[in-house]
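For clarity, every value in this text was computed on a predicted model and none was experimentally measured. Naming convention: chains lettered A, B, ... in sequence-line order (proteins, then strands); numbering from 1 in each chain.
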Amino acid sequence: MNKKFLILVIALQILVLIFMSAEREFILLFGKNVRLRTVPVDPYDPFRGEFVALNYDISFIQLDIIKDPTIDIESFNSPFYVLLKENEDGIWDIKNCSLTKPPNSELFIRGRIDRHSYYNDKYLHLKYGIEKFFVQQGKGLEIEKKARDKGNIRIPLEVNVAIGNSGIAVAKSMEWSPIGVGVEVLERPQLRNLSGRNERNSNSEMEPPIRKSPKIKLTLKNCSEKVLGIIILPDYASFELLSSERSTKNFIFRKTLNQNIKIQDSDLKLLKPQEKIDVIFDLADPRWFVKNKKNEYVEIGDISNDSWGNMIRIRYKSPLRKECNHLKHADITWYGTLKSPNVSVSGNID
Amino acid sequence: MNLKKIIENESKRWVAGGIIEQEQAQKILGLYPEKKINGFNWGTLIFSSIGGIIFGLGVILFFSYNWDKLHRLFKLALILSALLSAEIIAFYIKFKKEKTALSEGIFALGTMFFGGGIWLVAQVYNIDEHYPNGFFIWGLGALLMGWALHSSVQGIIASSIFSLWCGIEAFEFSYSPHIVFPLILLGIVPLALRKESILLFAIAIFSFLICLLFVGIKLFEIYLYLVFISVGAMFIALSVLLKASIFSRDKSKISFIYPVLMIFGNICYWSVLFCLTFKSICRDLSREIDIFQNYYATLYVSIFFILSIISWILIFIPFSRFKYLMKDFLPIGYLAIPVSLILTLFPLLYYYSPNYSKNDDFLLLTAIFFNIIYVFQALSLISYGSRHLSILHIFWGTMLFAILVFARYIDLFTSLLIRSIVFLLVGTGIFYIGLMYSKSKKQIGS
């Protein structure tokens, strides 16, 4: 037996551990800090303990925004660089992406193509190696409970991430978003038979019209401990409907965001802690119509009768801070974007 | 009671009965030297190693609780100092105190701390990269320690970790970590041979087969049958060659492994042979086997098939060895193993034949051939057992035969009359085997 070989192996084991930790420690100390929005769930790993599994907003990337023609979306596990841009609320979002390492003047995060979205081939699912946040046993469940608030409100988590020069990310800490968002289905579409005709006799003039698309209530809640202002522009100008990355069908909505509106003090709603504001979305309203195969705008319920697979989300977007400086409560107003949980066209909430 | 003690007691009776003289009794006893007590403390090795591994698992779970009051650098310092302390203490005990058995246990603890360290770093820095890599690095660390210490315990830890790694890769990520096979066959098996450790060898072969099964279930699909029948046939051939070498003059140092290869080889071979006696499985083989679709599976089948055929050629050539093996060691039914191997190519030939999908009588014929080989081999085991008074051979031969009869009873004959005739014949056959066995025993006794 060779003592020197034994000493070498022991030293190697220690060096492996030191190398693994030193690389991440260096990023924590000297990396650039960004904040990413995510949704938590809480599982358990027998070796590393309890963790909060994180599904970042930047985990799904729409194939349309991939401008680099060299990107082979089938090359799973190949390195993938996502350039980031900062939003008004301090949350970082996808700016662009590349298969080659971008210059260091850009802030980018390194990920790997995990798979296509399970549900929709218009999206790619990326992994950045920060999808697990390890917590003391018992706290994962607490986090999950808080994330779902008491009712149907979901409070997003914001994860502070340090990013090294090579794009390696290290999750540092988590914070709750000050605004929670929830949806409730007020009226569900009524079931139709396979031929797509209404079950009831459509010839009967006495019958009320059958609902084909859901009516949804979106709730924004102040989950912080201080008063916050929320700007809700008239004519739904602060909202847009999106096809969910989990939807089997990709919807293109007629109405897009239009915020070229002069913002007034009356548009700003002050919310005390725990106070909510509701906005109703009736998807039968022509403004929420979607494009069909003939490029005509039709009611979403006309082209989708799938009970779970076809999902949408409502996105709230506040005006930019610089556009609101003239407002009385501009300083306590929340600026940023929020996505609702997924709602299926048949009226189920994910 | 050992043999020396029995002879000592018996010789006292023979002296008292006047059969032999005291002097002769002493001479007889002198032929049986005292069994040397091995200086190595196996008890300490076993208990300290198991203790070390369990203690190490406890440490991993302790850290996985993830106290948020402890600073991450404190946790890292703790695990690094624990690893270093364990290795230094084990080093000191081994080389200064020369207590090898105890040091093995503490080195095992060190390896567990190394694994704990990997998971702790992942936990502290919230690393969610491809996590099975952690098992790979851990297993590699254990394997290197195994070679540095020439330690079976480290080899066993490495085998277990590699199996776990392979299982996670295959089932969670549908990925085949091909490197696990050379790691086991070229990393752990040579360590077992060098240590002459039958336990480590058995665990290494078990790990190899388990990894092959994990990868096979997820990625090989129908090729799994072909891989396992080839591996089984190869193990049996190697085992027979090694068994022969035990009784030859040039006794090989590695011949101690023959029972392990024989047991695992038989398990693999018989399991697949039994499956291939079903026409439906032959049909599946012929339908789904496309060597141009699954390159890795084709590669694995080809490698093991060729190695298996070479092993069997080594039995048949030179002819003198074949005659020697046939005389004492090899039940005649084993000669059908190469035939089974070649028969597994038939569904493949059918797949590429112009008659494909037109007529599957060919597949029925293939299944019938497998049934005949199976019965022939099972009966041969029984016959060999009767001739050599080996109850083990008789038992397994009878069991295998009975299993096939039950299988065919269920899927072949619908007529109760035919079923009853089959059972009557089988029952009579087994009764006849019993008679033959007792007759052979009497002949040898007289």
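For chain A, the nearby part of B/Leu73 is the side chain; its heavy atoms alone come within less than 4.5 Å. Only the side chain of A/Leu12 comes within contact range of chain B, with at least one heavy atom under 4.5 Å from a heavy atom of that chain. For chain B, no part of A/Leu8 is nearby; none of its heavy atoms comes within less than 4.5 Å. For B/Leu144, the parts lying near chain A are the backbone and the side chain together; criterion is any non-hydrogen pair under 4.5 Å.
Among A/Ile130, A/Leu17, A/Val170, the residue making the largest number of heavy-atom pairs under 4.5 Å with chain B is A/Leu17. Taking B/Ile137, B/Leu83, B/Ile88 one by one and counting their heavy-atom pairs under 4.5 Å with chain A, the maximum is reached by B/Leu83.
Within a 6.0 Å sphere centred on CD of A/Glu175, other residues, nucleotides and ligands contribute more than 12 heavy atoms.
Within the 4.5 Å cutoff, the side chain of A/Ile7 has heavy atoms near those of the B/Phe91 side chain. A/Leu6 has its side chain within reach of B/Phe95: a pair of non-hydrogen atoms, C-beta onward, lies under 4.5 Å apart. Side chains of B/Met145 and A/Ile10 form a contact here, defined as non-hydrogen atoms less than 4.5 Å apart. Contact of the B/Asn126 side chain with the A/Glu131 side chain is not registered, since no non-hydrogen atoms from C-beta on lie closer than 4.5 Å. In this structure, the side chains of B/Ile127 and A/Lys132 stay at 4.5 Å or more apart for every pair of heavy atoms.
Figure legend: A/Lys172 and B/Tyr125 shown without cation-pi pairing, the cationic atom not lying both under 6.0 angstrom from the six-membered ring centre and within 45 degrees of its axis.
Ion pair A/Lys127/B/Glu129 not flagged as a salt bridge, since none of the NZ, NE, NH1 or NH2 atoms sits closer than 4.0 Å to an Asp/Glu carboxylate oxygen.
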Taking distance alone, no hydrogens or angles, what donor-acceptor pairs closer than 3.5 Å link side-chain atoms of residues 106-117 of chain B to residues at least two apart or in another chain?
residue, atom, partner, partner atom, Å
B/Thr111, OG1, B/Phe107, O, 3.2
B/Thr111, OG1, B/Gln154, OE1, 2.7
B/Thr111, OG1, B/Gln154, NE2, 3.2

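Note: B/His150 NE2 to A/Phe5 CZ = 8.0 Å, rounded to the nearest 0.5 Å. In this structure, the separation between CD1 on B/Ile118 and OG on A/Ser21 is 11.5 Å, given to the nearest 0.5 Å. Rounding to the nearest 0.5 angstrom, the gap separating the CG atom in B/Leu149 from the NZ atom in A/Lys3 is 12.5 Å. For the atom pair CD of B/Glu87 and CD of A/Gln13, the computed distance is 5.5 Å after rounding to the nearest 0.5 Å. Note that CG of B/Asp128 and CZ of A/Phe133 are 12.5 Å apart. Values are rounded to the nearest 0.5 Å.
Across every non-hydrogen atom of B/Gly141 and A/Val9, the tightest pair is O-CG1, 4.4 Å.
Residues of residues 173-186 of chain B lying under 4.5 angstrom from chain A, judged on non-hydrogen atoms, do not exist here.
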